[in-house]
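Before any comments, here is the structure.
Numbers here simply count residues along the sequence, with the first being 1.
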Amino acid sequence: MIATLNLNGKPVEFKEGQSILEVASDHAVRIPTLCHMKDQNPTAACRICLVDVKGMRNPIAACATQAQNGMEIWTDTEEIRTLRRINIELLLADGQHDCLLCECSGQCALQDLAYEYQVDQRKFEGRKQRRPIDESNPFIVRDHDKCILCGRCVHACQDVQVNGTIHFGFRGADAKIITAFDQPLGNSNCVFCGECVQACPTGALTEKKSRHTGRSWEIKKVRTTCPYCGVGCQQWLHVRDGKIIKVTGVEDAEPNQGRLCVKGRFGYDFINSPERLTTPLIREGENFREASWDEALDLVADRFKEIIQAHGPDALAGVSCARSFNEDSYQMQKLFRAALQTNNIDHCART
């Protein structure tokens, strides 16, 4: 059902059940937020999306308030900007947000908001005792002192990927995101999908392999399709100087909606591996020698013909590589079934 409210002095239509944040987004009115995740239940943890609603005693969180017919909403008053600034100052006070050294400088939502709202001084005293950095996971680094308890990583783990590895723990000043029994991430049931890293709006969760490889403004993003299986997940390749230094999922893109598995997100080392072959090799005795593609392909074709003539086509078998594109795997099975006349063809991802 379509209803109407007043947004910053203008009447706008919305669907019943939408939050104020969703209505504003539909009408190109930006309300800043750090904790909101699309299609997830709101946590209202960051308190950055505060708005004024006529008739309500205090400003309310736009992400956690359903729009009502006839509402009058103001999203950017001087009072609202002051409250947002105070909340940003509180988040900065409770942690160690050393932007000069942080891996996420230039792509940190908290840093962007601190700049936008001109938070140029610290008025509050936060927790002074530093928590140790957790580097036990082979792919992910956790820095609790940069965590703002927004809960996005918990949503990503519990509700998006449904792994159930992390959740909120403890209370008050001791509150933090923990694994079961507050064990290091490397000792947990983490499956290394990295969805929590992509969801994190600060430098609390970073990718171990991509640390110190380039700042955000030095990196070019290239969209591609993950080659590991037939799902067709959409990826952003983060490239610096012709080398892939990180991979992230493309938000709002089918079919993965930003999600990636451990292989899709972290399995790119082989591209620039010094052990990767760059030219065909032909064995001669116990050694290999470099050869041209024409020579190597002619040799393989001749050996195939000899084997088929001596033992029949079922003496041959092929395995397609999961690092190849789907089109390559299709051509591989077509080669064996149509040209070589055997069904002995498999794919290593099946195992």
Side-chain angles (χ1 to χ4, degrees), residues 19 33-46 61 63-64 91 94-95 103-104 109-110 131-211 226 228-236 246-267 349 351:
S19 68
T33 178
L34 289 170
C35 65
H36 175 71
M37 283 190 74
K38 184 181 178 181
D39 299 327
Q40 301 300 321
N41 292 327
T43 60
C46 70
C63 68
L91 292 174
D94 188 33
E103 185 67 26
C104 288
L110 179 60
R131 291 167 171 165
I133 295 176
D134 181 3
E135 298 191 60
S136 60
N137 187 290
F139 299 114
I140 302 169
V141 177
R142 287 200 304 171
D143 187 346
H144 289 291
D145 285 335
K146 290 184 173 61
C147 177
I148 59 173
L149 295 175
C150 65
R152 286 175 57 90
C153 61
V154 177
H155 271 313
C157 185
Q158 299 277 1
D159 305 320
V160 177
Q161 294 285 35
V162 199
N163 291 324
T165 301
I166 56 177
H167 48 85
F168 285 95
F170 305 104
R171 294 185 178 184
D174 295 324
K176 63 177 182 176
I177 306 299
I178 64 171
T179 63
F181 307 108
D182 197 21
Q183 291 292 305
L185 195 57
N187 296 344
S188 70
N189 62 336
C190 175
V191 298
F192 319 131
C193 69
E195 192 71 22
C196 59
V197 180
Q198 183 159 331
C200 182
T202 68
L205 292 167
T206 54
E207 297 182 17
K208 185 176 291 186
K209 294 195 300 182
S210 65
R211 286 167 67 87
C226 180
Y228 270 109
C229 75
V231 173
C233 292
Q234 295 301 293
Q235 301 174 319
W236 286 117
K246 186 168 70 173
V247 174
T248 55
V250 180
E251 303 284 353
D252 298 324
E254 298 295 345
N256 53 314
Q257 294 288 315
R259 304 172 181 86
L260 291 174
C261 70
V262 61
K263 293 191 295 182
R265 192 180 302 275
F266 298 116
T351 59

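- For the pair L260 and Q234, the tightest heavy-atom approach, listed with the atom from each and the gap, is CD2-O, 4.3 Å.
- Using modelled atom types, no side-chain atom of S188 and backbone atom of T165 make a donor-acceptor pair closer than 3.5 Å.
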Side chain to side chain contact (heavy atoms under 4.5 Å, CB included) for L91 and T202? Distances and angles first, verdict last. CA-CA 11 Å; L91 292 174; T202 68; over 6 Å; no
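- Residues A199 and A156 come closest through the heavy atom pair CB-CB, 3.9 Å.
- Although no hydrogens or angles enter the test, the distance criterion places a donor-acceptor pair under 3.5 Å between the side chain of D134 and the main chain of L185.
- The line from SG of C196 to CZ of R142 is 8.5 Å long, rounded to the nearest 0.5 Å.
- How far SG of C147 is from CG of D94: 9.0 Å, rounded to the nearest 0.5 Å.
- Between the side chain of R259 and the backbone N or O of N256, at least one donor-acceptor pair lies under 3.5 Å.
- The two residues I166 and V154 come nearest to each other via the heavy atoms O-CG1, 4.0 Å.
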For C226 and V231, run side chain to side chain contact (heavy atoms under 4.5 Å, CB included): C-alpha distance rounded to whole Å, both residues' side-chain angles, the deciding distance at 0.1 Å, then the answer. CA-CA 8 Å; C226 180; V231 173; over 6 Å; no
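- Between the side chain of Y228 and the backbone N or O of G267, at least one donor-acceptor pair lies under 3.5 Å.
- Separating the CZ atom in R152 from the CD atom in Q198 is a distance of 9.5 Å, to the nearest 0.5 Å.
- In this structure a side-chain-to-backbone donor-acceptor pair under 3.5 Å is present from Q235 to G264.
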Would you please test V247 and W236 for side chain to side chain contact (heavy atoms under 4.5 Å, CB included) and show each step? CA-CA 6 Å; V247 174; W236 286 117; over 6 Å; no
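- Here the straight-line distance linking atom SG of C153 with atom CE of M37 works out to 9.5 Å at 0.5 Å rounding.
- Ring geometry, F139 versus F192: the interplanar angle exceeds 60°, so the pair is classed perpendicular (tilted spans 30 to 60°).
- Contact annotation: the side chain of S19 never approaches that of P42 to less than 4.5 Å [non-hydrogen atoms, C-beta and beyond].
- Put simply, the side chain of H155 gets close to the backbone of N41: a donor and an acceptor are under 3.5 Å apart.
- Atom NE2 in H167 sits 9.0 Å away from atom SG in C157 (nearest 0.5 Å).
- For the pair E195 (side chain) and V160 (backbone), a donor-acceptor distance under 3.5 Å is absent.
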V191 vs V262, side chain to side chain contact (heavy atoms under 4.5 Å, CB included): CA-CA, chis, key distance, verdict: CA-CA 7 Å; V191 298; V262 61; over 6 Å; no
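- At distances below 3.5 Å, at least one donor-acceptor pair connects side-chain atoms of R265 with backbone N or O atoms of C193.
- In terms of heavy atoms, N163 sits closest to N189 at O-ND2, 3.7 Å.
- In this structure, N137 and C190 approach most closely via the heavy-atom pair ND2-SG, 3.5 Å.
- Residues H36 and T33 come closest through the heavy atom pair N-OG1, 3.3 Å.
- With a 4.5 Å cut-off on side-chain heavy atoms, I140 and E207 do not count as touching.
- Among residues two or more places apart in sequence or in another chain, the salt bridge (Lys or Arg N to Asp or Glu O under 4.0 Å) test is passed with D182 by K176.
- The distance from atom SG of C63 to atom CD of Q40, rounded to the nearest 0.5 Å, is 12.5 Å.
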